[in-house]
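The chains referred to below are lettered A, B, ... by the order of the sequence lines, with proteins before strands, and numbering in each begins at 1. Not measured: the values here are computed from a predicted model.
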Amino acid sequence: MEATKACISIRHVSKQFGKQQVLKKISLEIMEGEIFGLLGPSGAGKTTLVKQLAGLDTPTSGENFLLQEKMPSLKLIEKVGYMAQSDALYGELSAKENLQFFSALYGLKGKKQQQRIEEVMKLVQLSDHLHKLVSNYSGGMKRRLSLAIALLHEPEILILDEPTVGIDPMLRKSIWEAFYELKNKGTTLIVTTHVMDEAEKCDRLGMIRNGSLIAVGTPEELKQKTNSATIEEAFLVYGGA
Amino acid sequence: MRITALIIRILRQIVRDKRTMGLLIFAPILVLTMLHLVFNGNDYTPKIGFVHIPESIVDQIDISDEKITEYKNEKEAKEDLSSQEIDGYVVFHNQSPSIFLEGSDPTVNGAAIKWIQTVLKPLQGNEPSLEPKVDFLHGSAGMGQFDYFGPVLLGFFVFFFVFLIAGVSFLRERTTGTLERLLSTPLRKWEIVTGYVLGFGIFTMIQATIIAAYAIYVLDMLMEGAFLYVLLIILLLSFTALTLGILLSSFANNELQMIQFIPIVVVPQIFFSGLFNLETISEWLRWIGPFTPLYYAADALRDIMVRGYGWDEIYRDVFVLLGFSILFMIVNILALRKYREI
């Protein structure tokens, strides 16, 4: 049996901002239906890489392919859900109005729209706060609403930049349960994080440091190969410490 | 569909932000009212000349007043009038007075007519036919200073506030990351710009209608032409303000930097809007006028409101304003390439 298809293929991607090289010749394949974690300290280039996958940036050299098509493409954008590091919500509007706005951008309307709004809000446990103004939301609630918006149009690929920052452990657990549920439905998830214990929950990990991909593998593999007990130690070994 | 969503969102945001909405509507009303009161005040005492003044009148008024000059014949009075020594004079032919005014300054006109009427009033008691006839060297009756520059100010305030608020709201879209989020959806770049133009356009229509109606019907600003033409010009002007605001917002990193564009981009437009006589502006500066949207809008608004002209006289201004908007929109769409290439 052939292994699951590559859903995302990053080929020799480099990115330069002026003189600063942010990404150095990254090549990586992400399989359909897996949760892939991009692990690295802040400033390593994680956000730059996922932005390219979301179509918001282009490589200086190299190419990104999503579902066998070259990014950026408007057709692909519809199949991707992207949640940025900043919450990017309209504070003057209620949660519902924010959801209505973004779902309309994806062409969801009427009953279907309402149904999706209810579903995603239940998933992030915000159903009781649907009519509240976003400016009255706490930081964690905003983060969850932001996630809910990324899920609205049931994307095939979900790109989440630091999705669980500022969310308490209980809720983080339930959010990860939601991720697994999505994965079981066939969604491919890319999650960036700098929290090591969160990295353990991913199917596979890519470690990024100073713009270079230093290791790829399942959390177990990475630990075994480096004889480490934790991902953190493994990261230090690969980082040359 | 996507544009509609964007329009609804923008209108919702404006309605939610009561203070900004208040600023957009009431600030222009407040300033226009103040200008109305300042410039249509009647405190000025006119300098009046009397020619062939009958004895019966001399008895009744204090001719020794320093503002009053007596003339032996009309020619002398006319000379003084031309050199602006006096603001106007009264001539008596067979006991019936007629007034001749210099006329270039509406404030002075009003004051002079009022003064003369007050003085002559006691004479009218038993002779109702003594209503004086009024002639002007320049200008016309009934026109106030406010009427002359009111249309320009109407345009200016709309430009000013729409520029600022559209610019700031697009800037916020950029700094809070919602622009990035919008671009991570299938929303096209032209749809973003169009949505903004229409969203703010609808609001500007309401704003412009209220402000213009207030100026015309409450403050009694001169209005010779069609109200709809006024709205058309104001709307087109607001489109240029909006698209220019959005464009310049990409050169600002925060709200304060957006405000810094006011003295550079907005205020200088006043100088070329016809508030000051364009002929008297230094020649090396005069060429700037035709590059500012307010120049055309003010011209059109004055044509409609003061001169009562119609489409034939304003269509050139309409097309130039449209051209500005379309140009700025295209540049905006190109500028958005910075955030997403497609």
Side-chain angles (χ1 to χ4, degrees), chain A residues 47 50-59 64 70-94 96-110 113 133-135 142 145-147 149-150 152-153 155 157-161, chain B residues 1-24 165 168-196 198-200 203 253-255 333 335-342:
Chain A
T47 298
V50 293
K51 261 190 174 178
Q52 288 187 4
L53 298 180
L56 293 168
D57 203 354
T58 46
N64 292 302
K70 195 176 166 198
M71 207 57 184
S73 120
L74 281 171
K75 217 177 91 204
L76 281 178
I77 279 177
E78 300 198 31
K79 298 179 179 172
V80 176
Y82 173 65
M83 173 184 167
Q85 244 170 45
S86 63
D87 287 322
L89 302 163
Y90 297 100
E92 309 92 321
L93 304 183
S94 70
K96 190 175 181 181
E97 287 164 340
N98 269 285
L99 290 158
Q100 280 173 338
F101 171 60
F102 283 106
S103 54
L105 295 185
Y106 284 104
L108 294 173
K109 49 188 158 182
Q113 186 189 68
L133 288 189
V134 169
S135 50
K142 283 183 190 162
L145 179 60
S146 199
L147 177 64
I149 289 170
L152 269 173
H153 63 294
I157 299 170
L158 197 53
I159 299 170
L160 307 167
D161 203 355
Chain B
M1 172 72 191
R2 288 190 292 250
I3 294 179
T4 320
L6 194 53
I7 293 172
I8 291 172
R9 194 213 83 206
I10 289 170
L11 289 177
R12 269 180 174 157
Q13 281 180 301
I14 297 175
V15 173
R16 266 324 128 66
D17 191 351
K18 296 274 185 310
R19 192 165 144 175
T20 302
M21 192 164 66
L23 177 81
L24 279 167
I165 284 160
V168 167
S169 67
F170 203 77
L171 175 93
R172 271 200 216 135
E173 191 106 61
R174 201 159 51 87
T175 51
T176 59
T178 48
L179 179 64
E180 196 180 84
R181 179 149 227 169
L182 288 183
L183 287 167
S184 76
T185 75
L187 192 64
R188 310 293 194 267
K189 280 175 296 202
W190 66 268
E191 288 176 325
I192 297 181
V193 177
T194 313
Y196 254 79
L198 295 180
F200 274 94
F203 183 76
N253 292 322
N254 52 49
E255 278 90 343
I333 294 167
L336 280 175
R337 288 183 64 92
K338 197 172 135 195
Y339 304 99
R340 186 177 82 189
E341 275 193 18
I342 45 157

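Between A/Q100 atom CD and B/R12 atom CZ the span is 5.0 Å, to the nearest 0.5 Å. To the nearest 0.5 angstrom, A/M83 atom CE is 11.5 Å from B/S184 atom OG. Note: B/R172 CZ to A/Y90 OH = 12.0 Å, rounded to the nearest 0.5 Å. Note that CG of A/L74 and OG1 of B/T185 are 9.5 Å apart. Values are rounded to the nearest 0.5 Å.
In terms of heavy-atom pairs under 4.5 Å with chain B, the best-connected choice from A/N98, A/I149, A/V80, A/D57 is A/I149. By number of non-hydrogen pairs under 4.5 angstrom with chain A, the leading residue of B/D17, B/I8, B/I3, B/L182 is B/L182. By number of non-hydrogen pairs under 4.5 angstrom with chain B, the leading residue of A/T58, A/D87, A/I159, A/L76 is A/T58. The greatest number of non-hydrogen atom pairs below 4.5 Å with chain B, out of A/S103, A/P155, A/S146, is found for A/S146. Most heavy-atom pairs under 4.5 Å with chain A: of the set B/R181, B/R188, B/R2, this distinction falls to B/R181.
Taking all atoms of both residues into account, the shortest heavy-atom contact from B/L183 to A/I77 is O-CD1, 4.1 Å. Between B/G177 and A/S86, the shortest heavy-atom distance links the atoms CA-OG, 3.9 Å. Taking every heavy atom of both residues into account, A/L56 and B/E180 meet most closely at CD1-CG, 3.3 Å. Considering every non-hydrogen atom in both B/T178 and A/A88, the closest pair reads CG2-C, 3.3 Å.
For chain B, no part of A/K75 is nearby; none of its heavy atoms comes within less than 4.5 Å. Within the 4.5 angstrom heavy-atom criterion, no atom of B/E191 approaches chain A. Only the backbone of A/L108 comes within less than 4.5 Å of a heavy atom of chain B; no side-chain atom from C-beta onward does. Looking at B/L6, the atoms closer than 4.5 Å to chain A (heavy atoms on both sides) sit in the backbone and in the side chain alike.
Crowding of B/K189 atom NZ: a count of heavy atoms from other residues, nucleotides or ligands under 6.0 Å exceeding 12.
The backbone N or O of A/F101 lies less than 3.5 Å from no partner atom in the side chain of B/R9, so there is not a single donor-acceptor pair.
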